[in-house]
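Working notes, structure below.
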Amino acid sequence: MNKHLSISPEVAEALATGKPVVALESTIISHGMPYPQNVQTALKVEQTIRDHGAVPATIAIIGGKLKAGCTPEEIEYLGKQGQKVTKASRRDLPVLVARKADGATTVTTTMIIAAMAGIKVFATGGIGGVHRGAETTMDISADLEELAQTPVMVICAGAKSILDLGLTLEYLETKGVPVIGYGTEELPAFYTRHSGFKVDYRIDTPEELAAAFHAKQSLGLKGGMLVTNPIPEEYSMPADVINTAIDQAIDEANRLGIRGKESTPFLLAKVKELTGGDSLAANIQLVLNNARLAALTAGCLAKLD
Ligand code: PSU
Ligand code: MN
């Protein structure tokens, strides 16, 4: 085991006995939602995973340790610190670990730590991707590169249209990452079920998700798989409301010259501010929905492995 990795006793026991485990990211807690809803949601997501037969492993960097399985106290700490915690992507790991610092893990670093621990399924809200205007800014999330090289299935609700969804799909195709729609042929756009873009394959059951991931691994193909699970209809938002807010947020980011790693958190916070509590409520529901699917899929995968 890597000397920087620290697996909680419950997660270690589950992994050793072949029980299903689901990884969860911590940037969604620190940067993705306001306190205290972020902490409440993180704990509820863990409970949902337990209710569906799997063990949750919330992932973060605490005191330079790569944690697979956070305590409720650690979750509370990350949630309270909010944006003061370093948003940690792949490039941030060496310095944070050397300094024994804290970091909230993005999709990228959550995949890295999950893979180190031997966790294969990861549930989150949305992933990073190719930003609008990337032709000139070159702002492409490290999440896409990670999906290309690290063997973890990421279950999300698609990507927000703060990104260029068409270019994001092109990038994933180039990198050989299968993009699956759960019960849909269309890529969901986080708050809404529709984007107008097609996924590679529609899969309708957790059994088949597990079988596809298992096949990818037994073929010796590196990298992960992206499962996009649409937000339940009753919680989805009107497309015009959300798209107007996103356009306004992007205009403001451009005006203020927001760039780099601040870009995604700025846009997420702005969209939330412009759409009030509705987008937060939708966000919470789609994460719970992904947690359920991830737990069931991890259960199926545990039977195949
Ligand atoms: N998109 C969301 N919610 C999030 C994020 C993205 O809808 O919380 C977070 C995730 O942690 C993701 C990260 O991995 O932002 C991507 O940041 P960047 O675009 O800087 O790579
Ligand atoms: Mn970026």
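None of the values given here were measured: they were computed from a predicted structure. Remember, it's 1-based here, ligands and their atoms both numbered in the order they're listed.
- Ion pairing of E186 with K198 is absent here, as no side-chain N (NZ or NE/NH1/NH2) approaches a carboxylate O to less than 4.0 Å.
- Looking at ligand 1, you won't find any N or O of G260 less than 3.5 Å from one of its N or O atoms.
- Looking at H214 and D305, their side chains do bring a donor and an acceptor atom within 3.5 Å of each other.
- Atoms of ligand 1 lying under 4.0 Å from any heavy atom of H131, numbered from 1 in the order shown and given with element: 19 (O).
- Considering backbone and side-chain atoms together, T264 places an N or O closer than 3.5 Å to an N or O of ligand 1.
- Looking at atom 9 (C) of ligand 1, its nearest protein heavy atom turns out to be T27 CG2, 4.2 Å.
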Requested in this report: Begin from the C-alpha positions of Y171 and E145 and carry the test side-chain hydrogen bond (donor to acceptor under 3.5 Å, both in side chains) through to its verdict.
Outcome: CA-CA 9 Å; Y171 199 96; E145 289 294 325; 2.4 Å; yes

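- Of all the atoms in ligand 1, the ones that sit under 4.0 Å from a non-hydrogen atom of F190 are 7 (O).
- L280 and I75 fall within a single hydrophobic cluster, where Ile, Leu, Val, Met, Phe, Trp and Tyr side chains are chained together by heavy-atom contacts under 4.5 Å.
- At under 3.5 Å, a nitrogen or oxygen of K87, whether backbone or side chain, sits near a nitrogen or oxygen of ligand 1.
- Closest protein heavy atom to atom 1 (N) of ligand 1: G126 O, 3.7 Å.
- Between E25, H31, R90, it is E25 that holds the heavy atom closest to atom 10 (C) of ligand 1.
- The set of protein atoms (N, O or S) found at less than 2.8 Å from the Mn ion (ligand 2) reads D139 OD1, by chain and number.
- A side-chain donor from one of S26 and T105 sits under 3.5 Å from a side-chain acceptor of the other.
- For the residue pair H194 and S236, no side-chain donor N or O sits within less than 3.5 Å of a side-chain acceptor on the partner.
- For the residue pair D278 / Y191, no side-chain donor-acceptor distance below 3.5 Å is found, with atom types taken as modelled.
- E146 and T150 share a side-chain donor-acceptor pair at under 3.5 Å.
- Protein heavy atom closest to atom 16 (C) of ligand 1, with residue, atom name and distance, is D143 OD2, 3.7 Å.
- A donor-acceptor distance shorter than 3.5 angstrom exists from the side chain of S218 to the backbone of A215, with no hydrogens or angles considered.
- Below 3.5 Å of separation, one finds an N or O of K160 facing an N or O of ligand 1.
- Taking each heavy atom of A114 and V152 in turn, the nearest pair found is CB-CG2, 4.3 Å.
- Ligand 1 has a nitrogen or oxygen under 3.5 angstrom from a nitrogen or oxygen of S141.
- Without hydrogens or angle criteria, K87 side chain to S30 main chain gives no donor-acceptor distance under 3.5 Å.
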Query raised in the report: Do K120 and Q217 pass the side-chain hydrogen bond (donor to acceptor under 3.5 Å, both in side chains) test, and can you show the C-alpha distance, the side-chain angles, and the key distance before you say yes or no?
Result: CA-CA 11 Å; K120 295 183 174 174; Q217 295 222 285; 3.3 Å; yes

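- Close approach to L268 involves these atoms of ligand 1, each under 4.0 Å from a residue heavy atom: 2 (C), 3 (N), 4 (C), 5 (C), 7 (O), 8 (O).
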